[in-house]
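Values below: all heavy atoms of this structure, side chains included; hydrogens, waters and symmetry mates excluded. The model shown is predicted, which means the values in this text are computed figures rather than measured ones. Within every chain, numbering begins at 1; the chains are lettered A, B, ... in the order of the sequence lines, protein sequences first and strands thereafter.
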Amino acid sequence: MRFSQAFIYTLRENPQDAEVISHKLMARAGMIDKLAAGIYTYLPLGWRSIEKLCAIVREEMARAGSVELAMPCVQPAELWQESGRWFAYGKELLRLKDRHDREFCFGPTHEEVITDVVRRRVNSYRQLPVNLFQIQTKFRDEIRPRFGLMRGREFLMKDAYSFHGSYESLDEAYRAMEQAYRRIFERCGLSFTAVEADTGNIGGSESHEFMVLAETGEDAVVACTCGYGANVEKAEAGPLPRAPQWPGHAPENPQAVHTPGLTSVPEVAAFLGLLPAHFIKTMVVETDKEFAVALVRGDDELNEVKLKNALGATHLQLASAEKVQKVTKATVGFAGPLGLSGVRVVADPEVMRLNLAATGANRDDFHWVGVVPGRDFTPDLIADIRLVRGGDPCPRCGKPLEMKRGIEVGHIFKLGTKYSKPMRCTYLDEKGQEQPMIMGCYGLGIGRTVAAAVEQNHDEEGIIWPLPLAPYAVELLNVNPDVPAVAEVSERLYGELVAAGVDVLYDDRDERGGVKFKDADLIGFPLRVVVGKKGVEQGHVEISLRRDKSRRTVGIAEASGRVRELLAQGEVR
RNA sequence: CGGGGCGUAGCUCAGCCUGGUAGAGCACACGGUUCGGGACCGUGUGGUCGGAGGUUCAAAUCCUCUCGCCCCGACCA
């Protein structure tokens, strides 16, 4: 392809709305163009990288035994009502009506459709397992899209779904998908980690996320040298040290103390000469079905996802000040578990391990001290609802956990019968018994993976594409288009490279050398062939690598062969 | 949805506080000089200042409403 024909428009400055590096660079390199919040055009250059990733994904999915199909974007409401998600999915589901006032949605994911496809064809254990995938545009009406392709509302996703007659069969497919994902991200040259994850509103019993490690990642993960890794939402800690001894002599019974205007644990702790770890932090939350009260130790933070799961809720948020007042009869900051009625109280195990504690008195400007969990109050539920911190002991080996940030590029789930049961996707087993199929689903963010690759591979000049994702592997750069000899060598070399099947972009523009070099660095072609006046006079051209900036001079006649060698030898990454 | 901020030329921004002729750089067109790391000089094209209403002799500027976008939180591939 010739640059002059390729519809490439680079930007000299960062677009005003770009925040993260991948967004800035992809916009400047002329790869993406924003149409509306979270909705992007993939310009020709960006689309080439997307397509390269798609090709890798297709190869690896095929290797893992998955078969490609394409499902509709627009889906009838009935299917979603059958699965129960029409109501559960909430506002992220973009709902539409057709001219007959029939309800549809733009698919944010395709469990319902694929389940419908399979249930209408598969009736026997003999037809199982089935594994299907597609690469397709999804729409999720995210509350806050941001960071370019990292969190769009409209985005490309590879989604695969598997159907099984046994959990052993599901395990097998799950492992095959995990391997496929590992191969995909390895082939893209990404540094990633697979961690245990919460299943969110997709549902199911077990799931893993694939995280590309990056400072700008939106997710926090914990990792241990022993191999344990988990999203913080899911992460557990091993046995924790107990709270330090209660200072001074212990009160026999809870005593109310006056704590005027002190509403935060650190403030009250300092005022009473106690440590935050001696406190029971009490938070009122509101779920889709009830108000509830969560208790964690004063130096811990609440993990809302764990609490949501413990309560069996689909949505959860901290209650507003007025609602806190209603539940506790006190202003925010003085809530405690003693004497509460009409709400479920969930306590973290660390709270129950406190010998003595201090906590809010549900009365303005008062706290209790000398509270004994289990004696002075009894929670309705004891569950791990604590947010793991860096340095906590690993639940497997006890070594300190490390906290990292990552970009979630893939997520695989064991769904079990979450969709097959309500949607009656069943088969007859060997004994002629009707059974719901056991399902798995496997998502991979295409655009997000490409953006993650940019996050991990760039410098001050621009993108440094890993070879497999580069829009073009090679740029042929004609420094002096107005010098006939240089133009002639460039054209000839371009012809040779094209004939040899090299993925090359030829910068034939009538621009100064500097402009071309800047653009080449910004876009980040892994390999560059520079044809200039001096070189041509001496019978050679220059080949350089974007990643390490190394240059080598080769004879004009050998250039095309040398390029092919470099690409084939894996010297370019 | 809560909190903060921004909408002025294709892009990045100044002007707004203190109302009175709409600006710069880049890009684009033409001419000239330049030509291996985003050249220089000259000339030129391009704007209903996001939209609606109001105040005023006069509004990009002040007020009200509205739409869009960005950042921080809840959601997620």
Between N303(A) and V232(A), is there a donor-acceptor pair closer than 3.5 Å when you use the side chain of the first and the backbone of the second?
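Judged by distance alone, yes, a pair lies under 3.5 Å.
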
Take the protein atom [atom1] of [X] and the nucleotide atom [atom2] of [N], then report the distance between them rounded to whole Å.
X: D198(A); N: A74(B); atom1: CG; atom2: C1'; result: 14 Å
X: H540(A); N: G36(B); atom1: NE2; atom2: P; result: 15 Å
X: R144(A); N: C69(B); atom1: CZ; atom2: C1'; result: 12 Å
X: F210(A); N: C76(B); atom1: CZ; atom2: C1'; result: 17 Å
X: Q16(A); N: G5(B); atom1: CD; atom2: C1'; result: 11 Å

When you measure from the side-chain N and O atoms of [X] to the phosphate of [N], is any distance below 4.0 Å, counting only OP1 and OP2?
X: R512(A); N: A39(B); value: yes
X: K34(A); N: C70(B); value: yes
X: R12(A); N: A27(B); value: yes
X: N14(A); N: U12(B); value: no

Between the side-chain atoms of R151(A) and the base atoms of C76(B), is any donor-acceptor pair under 3.5 Å?
yes

Among the nucleotides [options], which one has an atom lying closest to any side-chain atom of [X]?
X: N480(A); options: G36(B), C71(B), C76(B); answer: G36(B)
X: P15(A); options: C69(B), G38(B), U12(B); answer: U12(B)
X: F413(A); options: G36(B), G38(B), A77(B); answer: A77(B)
X: E13(A); options: C75(B), C35(B), G25(B); answer: G25(B)
X: L522(A); options: G38(B), C69(B), C76(B); answer: G38(B)

List the residues meeting ring-ring contact (aromatic ring centres under 6.0 Å, His included) with W80(A), not counting sequence neighbours, and say none if there are none.
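In terms of ring-ring contact (aromatic ring centres under 6.0 Å, His included), with neighbours along the sequence ignored, W80(A) is linked to Y89(A).
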
How would you list all residue pairs meeting ring pair (Phe, Tyr, Trp, His ring centres under 6.0 Å) that involve residues 505-554 of chain A, not counting sequence neighbours?
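Matches after skipping sequence neighbours: Y494(A)-Y506(A).
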
Give a yes/no verdict on a cation-pi contact between R48(A) and Y472(A), requiring under 6.0 Å between NZ or CZ and the six-membered ring centre and an angle within 45° of the axis.
yes

So, S66(A) versus N131(A): side-chain donor-acceptor pair below 3.5 Å or not?
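Distance-only check passes for S66(A) and N131(A).
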
F155(A) over A77(B), stacked by centroid distance under 5.5 Å, angle under 30°:
yes

